[in-house]
*Asks:* 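Starting off with a structure, shown below.
For reference, positions follow the sequence shown, starting with 1.
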Amino acid sequence: MFFALTDEQQAFASTVTEFLADRFDLEAVRGVVEDPEGDGHPVTLWKGLADQGTLAVLVPEEHDGLGLGLVDAQVVARALGAGVAPGPWLATVLAAEAVRIAGSAEQQSRWLPALAAGETVGTVALRGEGGAWDGSGITVDANDGRLNGSASPVDYPAVAGLIVVAATDASGTPGLYLVEAGASGLTVRDQHTYDGTARVGAVEFADTPAEALPNGDAAAVRALLARGAVLNAADLVGVAREALTRTVAYDRDRNQFGVPVGSFQALKHALADLHVAVTMAEHAVLFAAHAVDTDDDGAAIAVAVAGSKASDAAWNATGAMIQFFGGIGFTWEHEAHFFYKRARRRAPLFGSAAEHREALAALTM
């Protein structure tokens with residue numbers, strides 16, 4: 001079977017890539033990185049992404065969405081990773097997925113159109129600080145529609161109008177709950193991150209009113225985590241591919257001893273190995289998205305493979321970018337650190353490479 005993106009999916013990816021190149025290039029990214037006190041949520045970028053339909057990609061058509069699948073969403077995530085674009089795209093898409101998967105008809109009608117249009121920013125709080133991403137790291141308790149506890153790290157909680165929270169009830173059963181911005185007992189605490197293309201924080205709940213998603217059981221939590229892992233992996237392979245492409249282009253032009261440094265055997269072999277690793281990670285992410293879309297029996301295995309390969313590829317490609325750009329790659333003025341820091345921050349999200357390999361081992365024993 002020949003498996004590849006359709007013409008429409010490739011066109012969707014190109015549209016997002018061209019938009020970023022025209023409207024939010026690396027100089028615009030630098031503006032966000034060098035404004036650590038800002039909210040990291042540029043209005044022009046957000047409006048453009050909404051106009052492109054990227055926020056509506058997984059929302060059903062009856063709720064003003066595009067009604068597409070995870071394969072389509074991952075092409076957007078990959079393009080945003082390649083552009084090291086800031087903003088709460090992934091967090092908002094996952095919040096919408098939680099409502100789509102587990103919400104009531106009334107909750108879906110209320111929230112999905114607003115999330116799809118970018119009128120409401122969403123985020124997800126799915127684990128406690130240092131907790132596992134397999135659903136066992138939940139540190140928020142739910143009791144009679146009230147939440148207590150904390151979750152961290154959470155992407156863009158300061159600008160989110162809706163937070164989807166994973167919490168366990170008195171019996172230890174996990175579920176998903178909606179908390180609106182400004183709810184009583186809700187505290188958002190900013191956290192420092194070395195990745196200037198993101199803003200993260202901790203959310204704390206003290207008898208905070210919350211609305212349960214009626215179908216937000218353990219299976220829904222696992223489904224949301226799997227989708228987050230695939231989209232995060234897609235962002236990572238976008239980072240990895242762009243870092244590698246820029247490195248190859250630079251080393252073709254950079255000369256030492258009268259020849260391009262890219263002609264040196266040590267660099268050629270290293271870059272060839274990176275190309276193979278990034279290509280394999282790209283294919284792994286694409287298949288994982290397809291497996292989740294089709295509810296394939298091997299979806300959990302595919303997600304674990306994608307998560308581990310994407311993390312490794314981004315880690316290695318961005319590290320090589322700094323090394324192979326030479327002295328300039330180590331400077332603040334060069335964009336290499338945008339890619340490196342994004343890869344470093346995102347690599348452990350929704351499961352580190354080691355955690356995914358442990359999961360893979362358990363699934364195949």
Side-chain angles (χ1 to χ4, degrees), residues 19-50 54-55 77 80-95 115 118-130 150-165 179-206 208 232 235-236 238-239 242 314 318 322 329-349:
F19 166 76
L20 292 175
D22 292 341
R23 302 282 298 278
F24 211 88
D25 61 8
L26 288 183
E27 281 305 307
V29 173
R30 181 175 293 278
V32 173
V33 171
E34 295 186 349
D35 180 25
E37 301 304 316
D39 63 12
H41 179 45
V43 174
T44 54
L45 174 60
W46 189 246
K47 184 178 185 304
L49 291 175
T54 67
L55 296 168
L80 294 175
V84 289
W89 179 85
L90 177 56
T92 299
V93 167
L94 286 181
L115 292 166
E119 296 168 359
T120 297
V121 173
T123 193
V124 292
L126 303 178
R127 67 160 186 166
E129 187 169 358
S150 63
S152 168
V154 177
D155 276 5
Y156 290 90
V159 297
L162 180 70
I163 305 173
V164 176
V165 185
V179 174
E180 295 185 49
S184 63
L186 171 64
T187 302
V188 174
R189 180 165 43 85
D190 289 340
Q191 294 178 317
H192 171 75
T193 174
Y194 48 79
D195 175 16
T197 70
R199 300 292 185 268
V200 300
V203 289
E204 299 170 351
F205 307 97
T208 302
N232 186 62
D235 189 291
L236 285 168
V239 172
E242 184 66 15
T318 57
I322 288 178
F330 288 84
T331 66
W332 180 260
E333 290 75 19
H334 197 267
E335 65 269 11
H337 66 96
F338 298 164
F339 295 88
Y340 180 80
K341 292 173 181 176
R342 189 182 182 101
R344 285 294 199 257
R345 185 184 77 87
R346 283 196 171 275
L349 295 184

*Asks:* If you compare all heavy atoms of Pro157 against all heavy atoms of Arg199, which two are closest, and at what distance to 0.1 Å?
*Replies:*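 Looking at all heavy atoms of both residues, the shortest contact is CD-O, 4.4 Å.
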*Asks:* So do Arg342 and Asp235 actually touch side chain to side chain, heavy atoms under 4.5 Å?
*Replies:* yes
*Asks:* Kindly compute the distance separating OH (Tyr156) from CG (Asp39), expressed to the nearest 0.5 Å.
*Replies:*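 Answer for the OH-CG pair, Tyr156 versus Asp39, is 8.0 Å.
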*Asks:* When you compare the side chain of Pro86 with that of Phe338, does any pair of heavy atoms fall below 4.5 Å?
*Replies:*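 Side chain of Phe338 against side chain of Pro86, heavy atoms only: no contact under 4.5 Å found.
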*Asks:* On a heavy-atom basis, which atom in His41 and which in Pro88 lie closest, and how many Å separate them?
*Replies:* ND1-CD, 3.2 Å
*Asks:* Please lay out, stage by stage, how Ile163 and Leu186 fare under the test side-chain contact (heavy atoms from CB on, under 4.5 Å).
*Replies:* CA-CA 10 Å; Ile163 305 173; Leu186 171 64; 4.2 Å; yes
*Asks:* Under a 4.5 Å cut-off applied to non-hydrogen side-chain atoms, are Glu34 and Trp332 in contact?
*Replies:* yes
*Asks:* Any sub-3.5 Å donor-acceptor pair from Trp89's side-chain atoms to Leu49's backbone N or O?
*Replies:* no
*Asks:* Which residue in the set Leu26, Leu45, Val84 passes side-chain contact (heavy atoms from CB on, under 4.5 Å) when paired with Leu20?
*Replies:*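 The residue from Leu26, Leu45, Val84 that satisfies side-chain contact (heavy atoms from CB on, under 4.5 Å) with Leu20 turns out to be Leu45.
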*Asks:* Any side-chain to backbone donor/acceptor pair from Thr208 onto Gly185? Under 3.5 Å, distance only.
*Replies:*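 A pair under 3.5 Å: yes.
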*Asks:* Can you see which heavy atom on Thr331 is nearest to which on His337, and at what distance?
*Replies:* O-CD2, 3.8 Å
*Asks:* To the nearest 0.5 Å, tell me how far Leu236 CG sits from Arg344 CZ.
*Replies:* 11.5 Å
*Asks:* Crowded around Gln191 CD? As in, over 12 foreign heavy atoms under 6.0 Å?
*Replies:*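 More than 12 heavy atoms, drawn from other residues, nucleotides or ligands, come within 6.0 Å of this atom.
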*Asks:* I want to check something: taking the side chain as every heavy atom from C-beta on, are Glu204 and Arg189 in contact at a cut-off of under 4.5 Å?
*Replies:*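 Result yes, sub-4.5 Å side-chain heavy-atom pair found.
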*Asks:* If you round to the nearest 0.5 Å, how far is OG1 of Thr123 from CG of Leu126?
*Replies:* 8.5 Å
*Asks:* Quick check: closest heavy atoms across Thr193 and Ala198, and the distance to 0.1 Å?
*Replies:* CG2-O, 3.7 Å
*Asks:* Mind checking whether Pro153 and Arg127 have side chains closer than 4.5 Å, heavy atoms only?
*Replies:*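 Contact flag for Pro153/Arg127 side chains = yes.
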*Asks:* How about Lys341 and Val33: do any of their side-chain heavy atoms sit closer than 4.5 Å?
*Replies:* no
*Asks:* Check for a donor-acceptor pair, side chain of Arg30 on one end and backbone N or O of Glu333 on the other, with a separation under 3.5 Å.
*Replies:* yes
*Asks:* Is a side-chain donor or acceptor of Asn232 paired with a backbone partner of Arg346 at a separation under 3.5 angstrom?
*Replies:* yes
*Asks:* Could you walk me through whether Glu335 and Val29 satisfy the side-chain contact (heavy atoms from CB on, under 4.5 Å) test, starting with their C-alpha distance in whole Å, then the side-chain angles of each, then the deciding distance to 0.1 Å, before giving a yes or no?
*Replies:* CA-CA 9 Å; Glu335 65 269 11; Val29 173; over 6 Å; no
*Asks:* Do Leu80 and Leu90 touch side chain to side chain, with heavy atoms closer than 4.5 Å?
*Replies:*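 Leu80 does not reach Leu90 side chain to side chain.
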*Asks:* Answer yes or no: is there a side-chain heavy-atom contact under 4.5 Å between Thr92 and Trp46?
*Replies:* yes
